[in-house]
Enquirer: 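One structure coming up, written as C-alpha cells, with questions to follow.
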Amino acid sequence: MSLAELRHQMLRRKPLVEVEDETPTDERLAKHLGVWQLTAIGVGGIIGAGIFTLAGSVANKTTGPAVLLSFLVAGLASAAAALCYAEFAGMVPKAGSAYTYGYVSLGEFVGWFIGWDLLLEYIAVAAVVAIGVSGYFGFLLDQVGITLPDWMLGASGTGDGHVVDVFAMVFCLGTAWVLSRGIRSVGRFETVAVGIKVALVLLIIVLGVFQIDSSNYTPYFPYGTGAVMTGAATVFFAVFGYDAMSTAAEESVDGKKHLPKAILYSLAIAMVLYVLATLVLTGMQKYTEIDPESGFSSAFEAVGMPGIANIIAVGAIVGIITVVLTFMLGVTRVWYSMSRDGLLPEWFAKTHPERKVPTRVTWIVGIGSAILAGLLPINLVAELTNIGILSAFVVVCVAVLVFRYTRPEVPRTFRLPFMPVVPIVGVVFSVWLILSLPWETWARFGTWLVVGLVIYLGYSRTHSKLQQTAPGTPDAVGSARE
C-alpha cells in the first residue's frame with residue numbers, strides 16, 4: 001500500500017445522508033425520544049457525581065471554597081463546546097456524536113481517533129460515577145446500622161481491608177440491564193429519576209443556605225489560585241453529559257430540532273444548580289472537614305440534620321445512577337455507529353429484534369465498566385475520563401469551524417453565535433484544561449491511542465464501508481453521495 005493510498009483512506013469523509021439510507025431496516029434504532037426526554041437524559045448525565053461526590057472531593061483536596069470557580073471555568077469551556085455540538089446536532093442527527101461529527105467534516109482517521117477515545121472515556125465515566133453511588137450507599141448502610149465486610153466496600157488501596165467495590169460493580173451491571181430493555185424504557189426512567197434528582201438538589205440548596213457560616217469561605221484559595229484550574233480540569237468530568245446524550249440522535253423523533261434545544265437546556269439547568277450547590281456545601285462545612293465521598297450527607301449530619309443526610313444519600317443513589325445510564329447509553333451508541341461504518345466488526349452493530357437496541361455492546365460495556373469500578377479508586381478513573389472528553393471537545397469545535405466555511409450550503413436548524421470566536425474559545429479552554437492534567441493521565445491516554453492506531457491500520461481502514469463503496473477515492477466520497 002502506498003502512502004498516497006493511506007492518506008486517501010485517512011482523509012475520506014462520511015457522506016451527509018440519513019442513517020436510514022445506510023442501515024438495514026431490521027438493524028435501525030427505535031425513535032421514541034422527545035425534546036424533554038432528551039433534556040432529561042442530558043441533565044441526567046451532567047448532574048450526579050459532580051455535586052454528590054466530586055464537589056466535596058475537589059474542595060477538600062484541591063481547591064478549598066474556590067471549587068465554585070473551578071465549576072465556572074469548566075462550565076465556560078463546556079458552554080463553548082455545547083454550542084458547537086448544538087450546531088452539528090442540528091445538521092447531523094446521527095448516532096455517534098463527536099465521532100460522527102469528526103467523520104463527516106475532518107475525515108475517517110479523525111473520526112476513528114475520537115470514536116476510539118470515547119469508547120474508553122465513556123466507560124470510565126460510568127465506572128467513576130458508579131464508585132460515587134457506592135460511597136453514598138455505604139454511608140446509608142452505616143446510618144441504619146448495617147455493617148458489611150471491609151473487603152467488599154472499595155477497591156484495593158481505598159481503605160483498610162478493601163479489595164473490590166462490589167456495589168459499584170452491581171450498579172454497572174444493573175444499568176446495562178436497564179439499557180437492554182429498550183430506549184422507551186430508558187427515556188421514562190431518566191425523566192422520573194432526573195425529576196427526583198433536581199428536586200433533591202433544590203432541597204439541598206434551600207435547606208443548606210440557612211446553615212451557611214461565612215467564616216468557612218476563608219481562606220478562599222487555601223491551595224493557591226492556580227489550584228482553580230487543576231480543580232476545573234477534574235470537575236470538567238461533571239459538566240459534559242450533554243455530549244453523551246447527543247449520541248442518541250437517531251432515537252429522537254425529530255433530532256434536527258430537538259437535539260440543539262436539549263443540549264443547551266440541559267447544560268443551563270445543570271450549571272445553575274452546580275453553582276448554588278457548591279456555594280452551600282463550602283459554606284456549611286470547612287473545606288478540610290468535607291467528606292470526599294459523601295459531601296452533602298456528611299455536611300447535613302455535621303449541622304445536626306441526620307434525617308436530611310439520609311434523604312440525600314437515597315436521592316444521590318437514584319440521581320447518580322442516571323449518570324451511569326447516560327454514559328453507558330453514549331458508549332454503546334458510539335460503538336454501534338463505528339461498527340455500522342465498518343471500522344469495528346459489524347457483529348457489534350446487531351440490534352435486538354424487538355427492542356431495537358444494540359444489546360451485545362450494551363452487556364460488553366456493562367461488564368467492562370463493572371471491572372473498572374470494582375478494582376480502581378475514584379480519582380484515578382476520574383482523571384482518565386477528562387483528557388479524552390476534552391480531546392473530543394477540541395475535535396468538535398474545530399469541525400464546526402471547518403464545516404461552516406467548507407459546507408455553508410448545508411441546512412442548519414441551529415447556528416452558533418459569534419463565529420469563529422465561540423469554537424476558538426472552546427478549543428483554547430479545552431487545551432488549557434488538558435495541559436492541567438498530570439503526566440500519568442497523558443501516558444494512559446497515549447497508550448490507549450497507540451492500541452487504537454494499530455487496530456485502525458490493521459483492520460478498520462480496509463473494512464470501512466467507504467473503502468467498500470469507493471476504494472482509493474478519498475474526500476470525494478462525501479460529496480458524491482450528497
Side-chain angles (χ1 to χ4, degrees), residues 11 13-18 35 38-39 42 46 72-94 96-111 113-115 117-118 232 236 239-247 249 252 254-272 388-435 475 478-479 482:
L11 295 180
R13 292 171 293 127
K14 186 176 181 178
L16 277 177
V17 294
E18 293 299 321
V35 63
L38 288 167
T39 301
I46 300 172
L72 287 176
V73 170
L76 179 60
S78 186
L83 290 169
C84 296
Y85 270 88
E87 176 162 324
F88 251 120
M91 288 189 295
V92 192
K94 297 183 178 182
S97 186
Y99 155 72
T100 301
Y101 306 156
Y103 203 165
V104 300
S105 60
L106 302 176
E108 183 172 281
F109 184 71
V110 173
F113 162 81
I114 211 63
D117 161 28
L118 291 178
F236 192 85
V239 295
F240 56 70
Y242 59 81
D243 67 302
M245 176 265 288
S246 69
T247 64
S252 169
D254 190 349
K256 288 188 176 182
K257 291 183 179 179
H258 291 168
L259 273 170
K261 293 178 181 179
I263 288 171
L264 300 179
Y265 291 167
S266 59
L267 181 60
I269 292 169
M271 287 310 303
V272 170
I389 303 300
L390 287 165
S391 299
F393 277 21
V394 171
V395 168
V396 172
C397 290
V398 171
V400 79
L401 183 61
V402 170
F403 219 59
R404 177 71 75 88
Y405 295 109
T406 59
R407 298 299 303 277
E409 79 286 358
V410 175
R412 291 164 168 82
T413 57
F414 174 83
R415 296 175 69 90
L416 65 87
F418 307 113
M419 176 67 82
V421 175
V422 171
I424 290 174
V425 168
V427 170
V428 170
F429 267 92
S430 297
V431 171
W432 192 5
L433 291 173
I434 287 174
L435 295 177
D475 329 306
S479 57
E482 292 160 9

Enquirer: By the side-chain hydrogen bond (donor to acceptor under 3.5 Å, both in side chains) test, which pairs, at least two apart or in different chains, include something from residues 416-431?
Expert: none
Enquirer: Sequence neighbours left out, what passes ring-ring contact (aromatic ring centres under 6.0 Å, His included) with Phe414? Give chain and number order.
Expert: none
Enquirer: Could you pull out all residues at least two apart from Leu435 that satisfy side chain to side chain contact (heavy atoms under 4.5 Å, CB included)?
Expert: Val431, Trp442
Enquirer: Scan for salt bridge (Lys or Arg N to Asp or Glu O under 4.0 Å) pairs involving residues 388-404, sequence neighbours excluded, and state none if there are none.
Expert: Glu87-Arg404
Enquirer: Over all heavy atoms of both residues, which pair between Val427 and Val394 is shortest? Give the atoms and the distance, please.
Expert: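 Here Val427 and Val394 meet closest at CG2-O, 4.1 Å.
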Enquirer: Let me check something: any side-chain donor-acceptor pairs from residues 76-84 under 3.5 Å, sequence neighbours excluded? List them with distances.
Expert:
from	atom 1	to	atom 2	distance (Å)
Ser78	OG	Val239	O	2.6
Ser78	OG	Tyr242	OH	3.0

Enquirer: Do the side chains of Tyr103 and Arg13 get nearer than 4.5 Å, heavy atoms only?
Expert: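 Contact flag for Arg13/Tyr103 side chains = no.
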Enquirer: When you compare the side chain of Val73 with that of Phe429, does any pair of heavy atoms fall below 4.5 Å?
Expert: yes
Enquirer: Below 3.5 Å, can you tabulate the donor-acceptor pairs from side chains in residues 258-271 to any protein atom, sequence neighbours excluded?
Expert:
from	atom 1	to	atom 2	distance (Å)
Ser266	OG	Ala262	O	2.9
Ser266	OG	Ile263	O	3.0

Enquirer: Applying side chain to side chain contact (heavy atoms under 4.5 Å, CB included), can you list everything that pairs with Val402, at least two apart in sequence or on another chain?
Expert: Leu106, Val398, Thr406
Enquirer: Can you give me the closest heavy-atom contact between Tyr85 and Ala98, atom names plus distance?
Expert: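 That would be OH-CB, 3.6 Å.
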Enquirer: Taking only residues two or more places apart in sequence, or in another chain, which ones meet Leu401 in a side chain to side chain contact (heavy atoms under 4.5 Å, CB included)?
Expert: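 Residues passing side chain to side chain contact (heavy atoms under 4.5 Å, CB included) with Leu401: Tyr405, Met419, Pro420, Pro423.
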Enquirer: With sequence neighbours excluded, tell me which residues meet side chain to side chain contact (heavy atoms under 4.5 Å, CB included) with Ser105.
Expert: Phe88, Ala399, Phe403
